[in-house]
Amino acid sequence: MASGTSRDVVGRGLRVLGRAIREQPRIFAVAVTGSVLFGLMVIASAYVVGAVVGKVVVPAVARGSVADGALALAAAALFGISVLRVVGIFGRRLGAGYMQYRLQATYRRRVTRRYLDLPLAWHHRNATGTLLSNANSDVEAAWYPIAPLPFAVGTLVMLVGAVVSLFLTDWALALVGLAVFPALFALNVVYSRRMAPRQARAQRLRAEVSGIAHESFDGALVVKTMGREAQETARFAARAGDLRDALISVGRLRGVFDPMLETLPSLGTLAVLVVGAIRLRQGAITVTELVSVAFLFTVLAFPVRAIGWVLAELPRSVAGWDRVRRVLDATGEMPYGEVALDPATPAPATLAFHDVHFGYEPAEAHLPGAQVLGEVTFTVPAGKTVALVGPTGAGKSTIASLAVRLVDPDSGTVTLDGVDVRELTAASLASTVALVAQVPFVFDDTVRANITLDRPGIGDEEVWAALRLAEADGFVAALPEGLDTMVGERGTSLSGGQRQRLTLARALAGRPRLLVLDDATSAVDPRVEAAILAGLRAPADGGAPASILVVAYRRATIALADEVIYVEQGRVVARGTHTDLLATVPGYADLVTAYEQAEQEREQTRTYDEVTPLTSGLEVEVDR
């Protein structure tokens with residue numbers, strides 16, 4: 001892989017740059033125009049300096065005096081050229097910077113949009129740190145050569161002009177130029193090929209370091225409570241050390257080639273002076289021409305490096321682009337249909353599963369997939385509450401994901417009011433059904449912003465109504481700034497039960513016709529949970545109750561359901577009321593009894609902790 005990359009990195013890198021030019025042609029044209037102007041003025045300055053030396057300085061030395069008119073004319077010419085060079089530099093840098101940052105912003109949006117379009121199964125196969133690196137450092141790396149690119153293009157024009165000028169001046173000096181310039185290109189190509197595998201490895205390690213850091217920070221609670229700080233630090237240090245070594249390898253290669261790239265133009269200038277002195281003695285050229293050519297080689301040294309900068313950054317650009325393109329070219333998105341349910345319909349929705357089969361894709365292509373659901377058929381009638389009960393790994397959360405179309409079934413259909421969810425528009429699906437997941441996610445924002453999510457038509461009145469329905473209005477009213485209280489990253493200033501009720505209020509604020517609760521009240525006191533479910537079945541404001549599919553564990557929650565669906569190993573094995581299943585299905589009875597015993601033990605522990613301080617002197621917070 002590395003050798004293949006090193007062989008074709010220049011061609012692949014140029015294709016990436018070509019894509020950038022096609023996307024931003026006008027800005028690129030402005031930048032190149034400024035660069036070309038700068039290049040032409042560099043050539044002009046060489047010949048003006050030569051003319052000043054040959055026609056002003058040398059005669060002045062011979063006469064012992066300086067002609068004021070000639071000196072003023074030379075000064076005016078040099079000043080005019082300098083002004084035009086400044087204009088060229090300004091246009092080049094402004095255009096290149098604008099083009100680079102605009103491309104980076106555009107592709108960050110495209111990558112993020114792609115993340116949102118791709119299914120959860122794809123996200124499960126990709127580490128969060130890698131995804132963060134794709135959207136940030138990989139995008140930056142892909143378009144990093146854009147900054148020197150217009151300069152390099154202008155330099156190419158300048159080199160062509162310089163070679164033509166050399167031939168018009170003297171063929172021997174032109175041959176020196178033809179020897180130096182191709183040598184510079186060849187050296188840059190060799191440099192790029194050697195650099196390619198090193199840059200690719202460094203870019204990959206950047207993502208791995210980012211992934212480990214994100215994992216450690218996100219799992220800080222586990223790391224600290226399990227006493228794994230030293231091990232996590234060592235794991236991060238090992239990968240950071242690999243990245244350090246990779247970057248040192250990159251720097252070492254630059255240290256070898258950069259002096260060569262700097263020295264070659266200087267050797268060209270020396271060769272011009274030697275050959276030029278010979279040609280001057282032969283009478284083939286004048287002092288003016290020799291000074292002009294020597295000065296031209298001197299001022300060309302820096303612009304020619306711009307070509308080296310582009311070629312040097314191509315390996316990193318190719319590595320970043322490959323990682324960005326992997327996201328943009330990923331398949332598996334779930335296109336929405338064109339059917340819209342009547343938004344004015346206040347009635348609860350009917351959810352139905354018809355012979356649904358589903359399996360998750362494997363993490364690696366050569367591994368077999370895991371079949372999770374098979375022959376799942378059941379209905380959540382309009383306005384009814386259906387509890388989904390089963391042991392761990394039975395497929396309950398997968399059923400909840402299918403109900404809100406986070407994933408699509410491999411076969412069979414999931415319908416809302418008789419319409420396949422795959423045929424619904426995104427807006428219709430979002431307004432009809434809402435999911436409250438097992439793990440509540442709260443944004444680092446105010447309570448109000450977390451509930452409204454900038455959705456139209458949700459004012460403070462609707463926010464408070466949703467909070468009351470979620471039994472969350474009491475603790476929100478007690479917060480220092482009420483709805484304007486910042487809750488911290490992931491809601492760190494709130495208890496687990498408060499976060500769950502806040503996310504439940506977020507779902508209710510949109511007035512969904514179907515509510516899917518995936519163990520969404522596990523951290524809430526059973527009495528509060530019962531009040532929430534009772535409120536959902538009969539809203540206090542007189543609104544129509546939503547249909548509810550709830551993944552439940554507590555006996556009190558299950559008993560409130562109109563029907564219970566008992567799932568084992570991805571299949572519906574029994575259905576009926578809680579009382580009927582308790583009496584007729586031994587597996588169900590054993591499971592519910594086990595859950596109830598575990599809940600009683602937790603309640604006893606919480607009761608003990610309410611009155612017993614921990615060794616640290618802190619009290620355990622019990623959500624009520």
Side-chain angles (χ1 to χ4, degrees), residues 116 340-349 351 383 385 400 403-406 416 424-479 481-488 490-491 493-521 523-524 528-529 531-550 623:
L116 298 177
L341 299 177
D342 186 359
T345 302
L351 171 70
T385 299
V404 297
R405 212 196 164 204
L406 290 179
L416 283 172
L424 294 175
T425 63
S428 184
L429 184 64
S431 63
T432 302
V433 60
L435 168 71
V436 186
Q438 287 177 312
V439 180
F441 184 86
V442 180
F443 295 93
D444 185 10
D445 209 329
T446 64
V447 172
R448 178 188 289 105
N450 266 284
I451 294 176
T452 64
L453 296 182
D454 291 329
R455 289 174 289 180
I458 302 179
D460 283 1
E461 184 177 345
E462 288 75 18
V463 168
W464 282 113
L467 288 170
R468 285 192 294 271
L469 200 54
E471 296 288 327
D473 55 319
F475 83 78
V476 171
L479 292 174
E481 298 180 58
L483 293 179
D484 294 315
T485 302
M486 297 292 294
V487 297
R490 294 181 179 269
S493 65
L494 305 176
S495 70
Q498 289 172 337
R499 287 194 294 270
Q500 284 193 333
R501 283 182 280 169
L502 194 64
T503 54
L504 177 59
R506 175 195 298 159
L508 295 173
R511 295 283 183 174
R513 298 170 54 215
L514 170 68
L515 188 62
V516 180
L517 306 177
D518 186 5
D519 193 23
T521 53
V524 175
V528 176
E529 181 187 39
I532 291 173
L533 292 176
L536 295 176
R537 290 167 61 91
D541 60 3
S547 305
I548 302 173
L549 175 64
V550 54
D623 187 80

Could you walk me through whether Leu416 and Leu351 pass side-chain contact (heavy atoms from CB on, under 4.5 Å), step by step?
-> CA-CA 5 Å; Leu416 283 172; Leu351 171 70; 4.1 Å; yes
What one should report as the nearest heavy-atom pair of Leu483 and Thr446 is O-CB, 3.5 Å
Under 3.5 Å, side-chain donor or acceptor atoms of residues 460-475 against the rest of the protein: list the pairs with distances, not counting sequence neighbours.
| unit_1 | atom_1 | unit_2 | atom_2 | d |
| --- | --- | --- | --- | --- |
| Asp460 | OD1 | Arg448 | NE | 2.9 |
| Asp460 | OD2 | Arg448 | NH2 | 3.2 |
| Glu462 | OE1 | Gly459 | N | 2.9 |

Taking all non-hydrogen atoms of both residues into account, name the closest pair between Ala546 and Leu514 and its distance.
-> CB-N, 4.4 Å
Among Val550, Val436, Leu435, which one satisfies side-chain contact (heavy atoms from CB on, under 4.5 Å) with Val516?
-> Leu435
Measure across Leu453 and Arg506 and return the closest heavy-atom pair with its distance rounded to 0.1 Å.
-> CD1-CD, 3.7 Å
Could you grab the distance from atom OG1 of Thr503 to atom CZ of Phe443, nearest 0.5 Å is fine?
-> 11.0 Å
Taking Ser547 for the side chain and Gly383 for the main chain, is one N or O donor matched with an acceptor at less than 3.5 Å?
-> yes
Does the Ser431 side chain pair with the main chain of Ser428, one donor and one acceptor, at a distance under 3.5 Å?
-> yes
Scanning both residues in full, the closest heavy-atom pair of Leu549 with Ala403 reads CD2-CB, 4.3 Å
Quick one: closest heavy-atom pair of Glu481 and Thr485, and the distance?
-> N-OG1, 3.0 Å
Check the pair Leu341, Arg513 against side-chain contact (heavy atoms from CB on, under 4.5 Å), reporting the backbone distance first and the verdict last.
-> CA-CA 11 Å; Leu341 299 177; Arg513 298 170 54 215; 4.0 Å; yes
In short, Thr432 meets Ala349 closest at the heavy-atom pair CG2-CB, 4.1 Å
